[in-house]
**Student:** 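After the structure tokens below, expect a handful of questions from me.
All values reported here derive from a predicted model rather than from experimental measurement. No hydrogens, no waters, no symmetry mates; every other heavy atom, side chains included, goes into these values. Just so you know, ligand 1 is whichever comes first in the structure, and atom 1 is the first atom listed for that ligand.
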Amino acid sequence: MPNERTIPRGRFITLEGGEGVGKSTNLALVVDHLRAHGHEVVATREPGGTPRAEAIRRLLLDPAGEEPLDPDAELLLVFAARAQHLARVIRPALERGAWVVCDRFTDATYAYQGGGRGIEADRIARLETFVQQGLEPDLTLLLDMPMAEAQRRLDGRLQGQGGERDRFERERDTFFEAVRQGYLARAEAAPDRMVVIAAGAGLAEVQAELLARLNERLEAWS
Ligand SMILES: Nc1ncnc2c1ncn2[C@@H]1O[C@H](COP(=O)(O)OP(=O)(O)OP(=O)(O)O)[C@@H](O)[C@H]1O
Ligand SMILES: Cc1cn([C@H]2C[C@H](O)[C@@H](COP(=O)(O)O)O2)c(=O)[nH]c1=O
């Protein structure tokens, strides 16, 4: 979908991928790199990014309770958080010329609620149109790697931090594989916007590849 906004604005970059592929680790690298190029950068995440959207995030990620969350309710909560985040953080930042780097955005909805939960893409697309009104990322860096290895990384991080798996992280392997395939299908359908980074390599190699692809884009935009 083309970006309908005509006013001058900053760039909107998202990082995507399954659980534990290295999004947070590499978001910091992207933010530092853009700041070193002189840009004002807002680093944020979804679901979340504002106090009320973070409250919705807690509801979505909380594994407690016996009442399962209906997939449609999950989808609507994701978009409710996104509407708040867009209104309070993303649009104002882009409008003043700042760059926004976001850990997950709507590709995650197609991958998790679409691929993982089985909600039809056209139902997601209707909400996307309603909430985003044509705004979409300028660039999406999709970190892709085999699910089993990402799960091992996630376990390593959780052991290190003493944390517990959230409601999504407790899903079955078939769910994570469907999420991965959902992301890859998105990337295939939007090759100009989405760049797939092989994230299974060591950190230095992944980051060199990521910066090379980011620099190509910065060059094209300059
Ligand atoms: N290329 C890499 N090689 C080895 N370990 C890595 C690599 N990238 C990240 N890690 C480690 O893997 C773990 C998960 O990384 P990180 O938290 O950045 O992933 P994430 O995608 O943000 O996770 P989540 O889906 O939970 O948000 C961390 O312990 C991190 O240090
Ligand atoms: C934006 C978005 C996120 N999710 C899920 C994916 C993750 O399991 C959690 C967020 O936690 P993380 O620290 O980023 O791993 O939320 C989703 O299902 N749909 C979405 O649109």
**Student:** List the steps and the verdict of side chain to side chain donor-acceptor pair (under 3.5 Å) for Tyr112 and Glu74.
**Tutor:** CA-CA 10 Å; Tyr112 281 79; Glu74 182 180 282; over 6 Å; no
**Student:** Which atoms of ligand 2 sit under 4.0 Å from any heavy atom of Glu46?
**Tutor:**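 Per the distance check, 1 (C).
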**Student:** Is Arg57 near ligand 2, meaning one of its heavy atoms is under 4.0 Å from it?
**Tutor:**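 Yes, Arg57 has a heavy atom closer than 4.0 Å to ligand 2.
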**Student:** I'd like to check which ligand 1 atoms, numbered from 1 as shown, lie under 4.0 Å from a non-hydrogen atom of Arg104.
**Tutor:**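 What qualifies from ligand 1 is 25 (O).
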**Student:** Give the single entry among Gln113, Arg45, Arg170, Glu169 that approaches atom 19 (N) of ligand 2 most closely by any heavy atom.
**Tutor:**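 Going through Gln113, Arg45, Arg170, Glu169 one by one, Gln113 has the nearest heavy atom to atom 19 (N) of ligand 2.
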**Student:** Please determine if Glu19 has a nitrogen or oxygen closer than 3.5 Å to a nitrogen or oxygen of ligand 2.
**Tutor:**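 Yes: some nitrogen or oxygen of Glu19 is under 3.5 Å from one in ligand 2.
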**Student:** Do Leu142 and Asp107 have side chains that approach each other closer than 4.5 Å (heavy atoms only, starting at C-beta)?
**Tutor:**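 Not touching, per the 4.5 Å side-chain cut-off.
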**Student:** Is the shortest distance from a Lys or Arg side-chain nitrogen in Arg165 or Glu19 to a carboxylate oxygen in the other one below 4.0 Å?
**Tutor:**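 A salt bridge is absent here (no side-chain N lies under 4.0 Å from a carboxylate O).
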**Student:** Can you sort out which atoms of ligand 2 are near Val78, meaning under 4.0 Å from one of its heavy atoms?
**Tutor:**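 Listed by number with element, the hits are 19 (N), 20 (C), 21 (O).
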**Student:** Taking only heavy atoms of Glu169, which atoms of ligand 1 are found under 4.0 Å from at least one of them?
**Tutor:**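 By the 4.0 Å cutoff, the relevant atoms are 26 (O).
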**Student:** May I ask you to identify the nearest protein heavy atom to atom 19 (O) of ligand 1, giving residue, atom name and distance to one decimal place in Å?
**Tutor:**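 Of every protein heavy atom, Gly22 N, 3.1 Å lies nearest to atom 19 (O) of ligand 1.
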**Student:** Taking only heavy atoms of Lys23 into account, list the atoms of ligand 1 that are under 4.0 Å away from them.
**Tutor:**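 Once the distances to Lys23 are compared, the set is 18 (O), 19 (O), 20 (P), 21 (O), 22 (O), 23 (O), 24 (P), 25 (O), 27 (O).
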**Student:** May I ask you to establish whether Arg172 and Phe175 are in a cation-pi arrangement, using a distance under 6.0 Å from NZ or CZ to the six-membered ring centre and at most 45° from the ring axis?
**Tutor:**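 No, Arg172 does not lie over the aromatic ring of Phe175.
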**Student:** At their closest point, which heavy atom of Asp173 faces which heavy atom of Met147, and how far apart are they?
**Tutor:**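 Closest approach of Asp173 to Met147, heavy atoms only: O-SD, 3.2 Å.
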**Student:** Please list, in number order, the atoms of ligand 1 under 4.0 Å from a heavy atom of Gly202.
**Tutor:**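 Answer, ordered by atom number: 1 (N).
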**Student:** Do Ile90 and Val42 have side chains that get closer than 4.5 Å, going by heavy atoms?
**Tutor:**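 Not touching, per the 4.5 Å side-chain cut-off.
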**Student:** Counting each atom of ligand 1 from 1 as listed, which ones have a heavy atom of Ala201 under 4.0 Å away?
**Tutor:**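 Close to Ala201: 1 (N), 2 (C), 3 (N).
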**Student:** What is the closest protein heavy atom to atom 21 (O) of ligand 2, and at what distance does it sit?
**Tutor:**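 That would be Thr109 OG1, 2.6 Å.
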**Student:** Relative to atom 24 (P) of ligand 1, which among Arg157, Arg152, Arg45 owns the nearest non-hydrogen atom?
**Tutor:**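 Closest candidate by heavy-atom distance is Arg157.
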**Student:** Below 4.5 Å, heavy atoms only, C-beta onward: do Arg117 and Leu75 meet side chain to side chain?
**Tutor:**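 No. Closest side-chain heavy atoms not under 4.5 Å.
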**Student:** May I ask whether Arg82 has any heavy atom positioned less than 4.0 angstrom from an atom of ligand 2?
**Tutor:**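 It does; at least one heavy atom falls under 4.0 Å.
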**Student:** Distance to 0.1 Å, residue and atom name: give those for the protein heavy atom nearest to atom 2 (C) of ligand 2.
**Tutor:**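 Heavy-atom neighbour on the protein nearest atom 2 (C) of ligand 2: Ala108 CB, 3.6 Å.
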**Student:** Which residue and non-hydrogen atom of the protein lie closest to atom 11 (C) of ligand 1, and at what distance in Å?
**Tutor:**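 Going atom by atom, the protein heavy atom closest to atom 11 (C) of ligand 1 ends up being Arg153 CD, 4.3 Å.
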**Student:** Using the ring of each side chain (for Trp, its six-membered ring), is His37 parallel, tilted or perpendicular to His39, with breaks at 30° and 60°?
**Tutor:**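 Rings of His37 and His39: parallel, under 30°.
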**Student:** Looking only at protein heavy atoms, which one is nearest to atom 22 (O) of ligand 1, and what is the separation?
**Tutor:**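 Residue, atom and distance for the closest contact: Ser24 OG, 2.6 Å.
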**Student:** Heavy atoms only: which of Phe105, Tyr112, Phe79 lies closest to atom 6 (C) of ligand 2?
**Tutor:**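 Result: the heavy atom closest to atom 6 (C) of ligand 2 is in Tyr112.
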**Student:** Flag Leu203 as yes when one of its N or O atoms lies below 3.5 Å from any N or O atom of ligand 1, and as no otherwise.
**Tutor:**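 By distance alone, the answer is yes.
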**Student:** Given Pro47, Gly114, Ser24, which has its nearest heavy atom closest to atom 4 (N) of ligand 2?
**Tutor:**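 The option holding the nearest heavy atom is Pro47.
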**Student:** With a 4.0 Å cut-off, would you call Arg186 and Glu16 a salt bridge?
**Tutor:**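 No.
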**Student:** With a cut-off of 4.0 Å, which atoms of ligand 1 are near a heavy atom of Thr25?
**Tutor:**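 Heavy-atom distances to Thr25 below 4.0 Å select 9 (C), 15 (O), 16 (P), 18 (O), 30 (C).
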**Student:** Out of Gly20, Ala199, Gly17, indicate the one that has the non-hydrogen atom closest to atom 14 (C) of ligand 1.
**Tutor:**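 Residue with the shortest heavy-atom distance to the ligand atom: Gly20.
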**Student:** Please tell me if the side chains of Leu218 and Trp221 come closer than 4.5 Å, counting only heavy atoms from C-beta onward.
**Tutor:**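 Side chain of Leu218 against side chain of Trp221, heavy atoms only: contact under 4.5 Å found.
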**Student:** Quick one: does Arg82's side chain get under 4.5 Å of Phe105's, heavy atoms only?
**Tutor:**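 The answer is yes, as the side chains (C-beta and beyond) meet within the 4.5 Å cut-off.
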**Student:** Is there a side-chain contact between Asn26 and Ile197 in this structure, where contact means two heavy atoms from C-beta onward sitting under 4.5 Å apart?
**Tutor:**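 Contact flag for Asn26/Ile197 side chains = no.
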**Student:** If you take all heavy atoms of Val31 and Ala43, which pair is closest and at what distance?
**Tutor:**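 Scanning both residues completely, I find the closest heavy atoms to be CG2-CB, 3.8 Å.
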**Student:** Looking at Glu19, which atoms of ligand 1 are within less than 4.0 Å of one of its heavy atoms?
**Tutor:**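 Within the 4.0 Å cut-off of Glu19, ligand 1 contributes 25 (O).
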**Student:** Can you tell me the protein heavy atom closest to atom 15 (O) of ligand 2 and the distance?
**Tutor:**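 It is Arg104 NH2, 3.1 Å.
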**Student:** Is any side-chain N of the basic residue among Glu54 and Arg58 closer than 4.0 Å to the acidic one's carboxylate O?
**Tutor:**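 Judged by the 4.0 Å cut-off on N to carboxylate O distance, Glu54 and Arg58 do not form a salt bridge.
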**Student:** Is Glu16 touching ligand 1 with its side chain, its backbone, both, or neither, if touching means heavy atoms under 4.0 Å apart?
**Tutor:**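 For Glu16, no heavy atom sits under 4.0 Å from ligand 1.
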**Student:** Thinking salt bridges, do Asp138 and Arg9 make one under a 4.0 Å N-O criterion?
**Tutor:**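 A salt bridge is present here (some side-chain N lies under 4.0 Å from a carboxylate O).
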